Amino acid sequence: MKFDLLHPREQLVQIMNRIYRYGLTTTSGGNLSILDENGDLWITPSAVDKGDLKQRDIMCVKPDKRIIGPHQPSSECPFHQMIYEKRPDVRAIVHAHSPALVSFSIARRIPDTRIIPQAHHVCGQVGYAPYALPGSPPLGENIAQTFAQGFDVVLLENHGVVTAGPDLLTAFQRLETLDFCACTQIRACSLGPVHTLTDEQIARFEDYRSTLPTFQPRRHSSRERELRQQICRMVHRAYEQRLMTSTEGTASARVNAEEFLITPYGVDRKYLEIEDIVLVKNGHTEQGKRPSRAVELHQVIYADHPDVNCIITAQSPNTMAYAVTGQPLDSKTIPESYVVLRNVPLVPHGQQYDAPEQISAAISKNSPAVLIQNDTVLTTGTSVHQAFDRLEVADFTALSLLNTLPIGPLVPIGEAEGQQLEEKFG
Ligand SMILES: [Zn+2]
């Protein structure tokens, strides 16, 4: 979907719905705006229920300061205007008070985007604006000054966060990705020290390009069409279940011995459509489309494991807490977790580019899911459903383990009981 072809009113309503629905703001907090090419500022209203915003509620501030619409513009309109003045490249702004980002804001700490390369790619470095009274000129000055230094994401002291971008979807994705970093870091801190990526590791990700040649498919089999739909449904569900974010998460499925399908690079996971998915045949990718950066890793796994028909690489804050600390994710919690996940090995960061065959070698019947340090949780399955189930069970298991920390130590299922499960469930 070409999101930026929607009218600013519709874009603001859709993104406010996403922000509210995913718990990134309360009904009274948060505001969004778009500056269009006429210089009209479209902005969410003040004192209107954010959970039930309609297109007719959106306010417009004209370049001559005339206000059009049935309400008052957001009380934070002045800081939006000051950011647009300082940063002519910015055409959309998002402000919210998500609980995880507020935690950082009130501890006066900046969330680290270097926990996974994609988050750093989306958000960059995070700026910090000192406290000032909401709606006041000093607050606007503090925020706009920080954006003027080149940051696209600014944490507001004892308040929340502001993100900006060339369009509203980008600004929203920066908010959601930063919130993911904050959630992951909060969970990870209770496990141990959090590893962050070096400049070299970040550069390795930025420079990495798939070098696979392209081809023009002549036909699309019924099997392929069916899998396109299954992948789309699964990605939408993973997004709704917060197992993927708008900017992170890849899924692929084997069509036959020569072909597999994989999700594209850079498409918002909520808006993924069947035609976006990329066909890969004998090491060639469908012309005119850009596959996920994980395409070569998925290709190696399909070649090595004829029984694997679906692979998911995703990030969810609970599982990623283990991938960024290197702490073991012990699935011997309840029978379901052990039967579905068995052992979950951790493989070093960087192998996804330089040694995909080593990640593939870590996958077996006894370890159908692996964690790639500071990158992803990778699950495999004989079907799309099974790989998705493993992703969901991994996240539930990680959450249960994290929730156990304040209650008391994990008492895992014993060796003998584990063996019984292996005998019964294979
Ligand atoms: Zn606010």
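Please read all numbers here as calculations on a predicted model, not as lab measurements. Note that ligands are numbered from 1 as they come in the structure, with each ligand's atoms numbered from 1 the same way.
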Residue of the set K62, R91, R66 for which salt bridge (charged side-chain N to carboxylate O under 4.0 Å, His left out) holds with D40 = K62

Protein N, O or S atoms at less than 2.8 Å from the Zn ion (ligand 1), how many?
-> 3

Look at D199 together with R114 and state whether they make a salt bridge at an N to O cut-off of under 4.0 Å.
-> yes

Sorted by chain and number, sequence neighbours left out, ring pair (Phe, Tyr, Trp, His ring centres under 6.0 Å) with F396 holds for none

Taking the six-membered ring for Trp, are H120 and F205 ring centroids under 6.0 Å apart?
-> no

Set of salt bridge (charged side-chain N to carboxylate O under 4.0 Å, His left out) partners for K65, sequence neighbours left out | none

Scan residues 132-142 for pairs that pass side chain to side chain donor-acceptor pair (under 3.5 Å), counting only residues two or more places apart or in two chains.
-> none

